[in-house]
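Labels below follow one simple rule: chain letters A, B, ... track the order of the sequence lines, proteins then strands, and each chain is numbered from 1. Hydrogens, waters and symmetry mates play no part in the numbers below; they use all other heavy atoms, side chains included.
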Protein chains: 2
Amino acid sequence: MTERKRRKPGETRDKLMNAALELVGKGRHFASLGIREVTRQAGVVPTSFYRHFRNMDDLGLQLVDELGLVLRRMMREARANVLQADRLMDESVAIFISHVQQNRSFFVFMAQGMAGESRAVQEGIRSELRFFASELGNDLRRLRLVDHLNDGDLELTCDLVVRTVAFSLTDLIGVSPEDDYQIEQIRKRTTRFLQLIFVGAAHWRTGEQAPLSS
Amino acid sequence: MTERKRRKPGETRDKLMNAALELVGKGRHFASLGIREVTRQAGVVPTSFYRHFRNMDDLGLQLVDELGLVLRRMMREARANVLQADRLMDESVAIFISHVQQNRSFFVFMAQGMAGESRAVQEGIRSELRFFASELGNDLRRLRLVDHLNDGDLELTCDLVVRTVAFSLTDLIGVSPEDDYQIEQIRKRTTRFLQLIFVGAAHWRTGEQAPLSS
DNA sequence: GCCACTTGTGTACATTCGTTCACATAACGT
DNA sequence: ACGTTATGTGAACGAATGTACACAAGTGGC
């Protein structure tokens, strides 16, 4: 075999992964899914599962890989759309929320996996978040927005930003995808969180901070 | 019945809830636990389960209630030990981590439940976090540490603090409870997160923030 | 054209599951 | 003391589960 070998456009492997995502999107937790359940949702006989995955954890790991692609797409779009720095946070949060809406099941899976059953999936997602924070740091450096921060403090700030956005996932998956009002509230709140963090970063000086003294 | 009626010191109800927690602490995800599995772990016959819970979701809800007690104990200890304001964040994070170590399963359950299967459990945990943030706001007001913030901005800050600490749960449950070095790293990092947030709060002015301008 | 291999299917089996029912026993109100 | 209620037990069921094996069908290389 040389390269692509997908014999049919609708591969069973993709059908199974999509089936798992659909179930997760319908409110089920990934850890509670069974092999038979997934194959049933995919319209495939249970035995086919083993042609592509060793067990459900394996499927979860491959879902994490696809999740990585989704996140990279989102990052690319963010970089393309954030032209002027003064709208950086507004735009970024909006793009994030838009992608969550568009790929809801993927992000629900991500939120579940962070405290999930499989240690490997956990580590995979955390690795994606680390990568995201690292790229964010590069971008901020390139835009010359954080010249007063050393590398360690920049990394700290970006990590906190990524965590804050990731946590807002738990808000987003708690409201109906059509509840535009609630989603707008979450968007505004998340943006304000980031503003608060960046105000902190702007006044941050390496070394001991005089705590709580304004 | 008037008040206490526990016929035996080891009630079956507690045995079941503890059994579920033990399984969660052993790495299992709550959403994947079955009734038989829990009763087996508790050393009880499966039928006994229905004497106390209607289903697993019900047990989860009652676990959330107990989790509330754990959190309130932690809050009380924090209030008692944080005497001088200059060590506020250090002490609070240390107390948090100590309680997580002490009640590991409970907090793993909490981390799982945030993106869990049962909407009711999700809402219960979020409600606990809201309460926690609200109490934190009261304390900061009482200590006169945030006089320059209006109520809305104080609430915003406290929410972000609680989220940040809650997110560090996913770090804590990812390392072995005996890995003191890693835990110390998490403690220091979480503390620095909070310092960053409070530096932001100290320089926060209501209304539009000039983003990223130092 | 043929052979090796990947992929999908059907059947099958032992386990486990959730849930029900009838029955025992201990606790409490009165 | 007695009856009512709460709590625990055992056996049993139908259904669902994970996994194995044998077989069909399509594919690529030669």
- Task: Please state whether the phosphate of C:dT9, meaning OP1 or OP2, lies under 4.0 angstrom from any side-chain nitrogen or oxygen of A:S48.
- Result: yes
- Query: To the nearest angstrom, how far is A:R51 atom CZ from D:dA20 atom P?
  - Reply: 12 Å
- Message: Any side-chain N or O of A:Y50 below 4.0 angstrom from OP1/OP2 of D:dA20?
- Response: no
- Between A:R126 and A:F131, is NZ or CZ placed under 6.0 angstrom from the six-membered ring centre and within 45° of the ring axis? no
- Integer-rounded Å distance: D:dT27 P and A:E11 CD: 12 Å
- If you find the nucleotide of DNA chain D closest to A:R54 and the one closest to B:H52, which residue's nucleotide is nearer the 5' end? B:H52
- Message: Nearest to the side chain of A:P46, heavy atoms from C-beta on, is which of C:dC17, D:dT19, C:dG8?
- Response: D:dT19
- Item | Student check: side-chain heavy atoms of B:V24 and B:L33 closer than 4.5 Å | yes
- Picking from C:dG10, D:dT9, D:dT17, the nucleotide nearest the side-chain atoms of A:R36 would be D:dT17
- Note on the structure: Rounded to whole Å, CG of A:D58 lies from C1' of D:dG18 at a distance of 16 Å
- Note on the structure: A:D14 CG to C:dG8 C1', in whole Å, measures 15 Å
- Task: Would you kindly give the CD-to-C1' distance between A:E37 and D:dA16, to the nearest whole Å?
- Result: 10 Å
- Separation of B:R40 atom CZ from C:dG18 atom C1', in whole Å? 13 Å
- Query: Where does the angle between the aromatic ring planes of A:F107 and A:F96 fall among parallel (under 30°), tilted (30 to 60°) and perpendicular (over 60°)?
  - Reply: perpendicular
- Task: Please determine, for the side chain of B:T47, which listed nucleotide (D:dT17, C:dC21, C:dT7) has the closest atom?
- Result: C:dC21
- Give the rounded distance in Å between these two atoms: CZ of A:F49 and P of C:dG10. 19 Å
- Message: Against the six-membered ring of B:F49, is B:R13 placed for a cation-pi contact (under 6.0 Å from the centre, within 45° of the normal)?
- Response: no
- Note on the structure: Rounded to whole Å, the CE-C1' distance (A:M56 to D:dG18) equals 12 Å
- Looking at A:R13, does any N or O in its side chain come under 4.0 Å of the phosphate oxygens OP1/OP2 on C:dG8? no
- Query: Taking 4.0 angstrom as the limit, do B:R28 and B:E22 come out as a salt bridge?
  - Reply: no
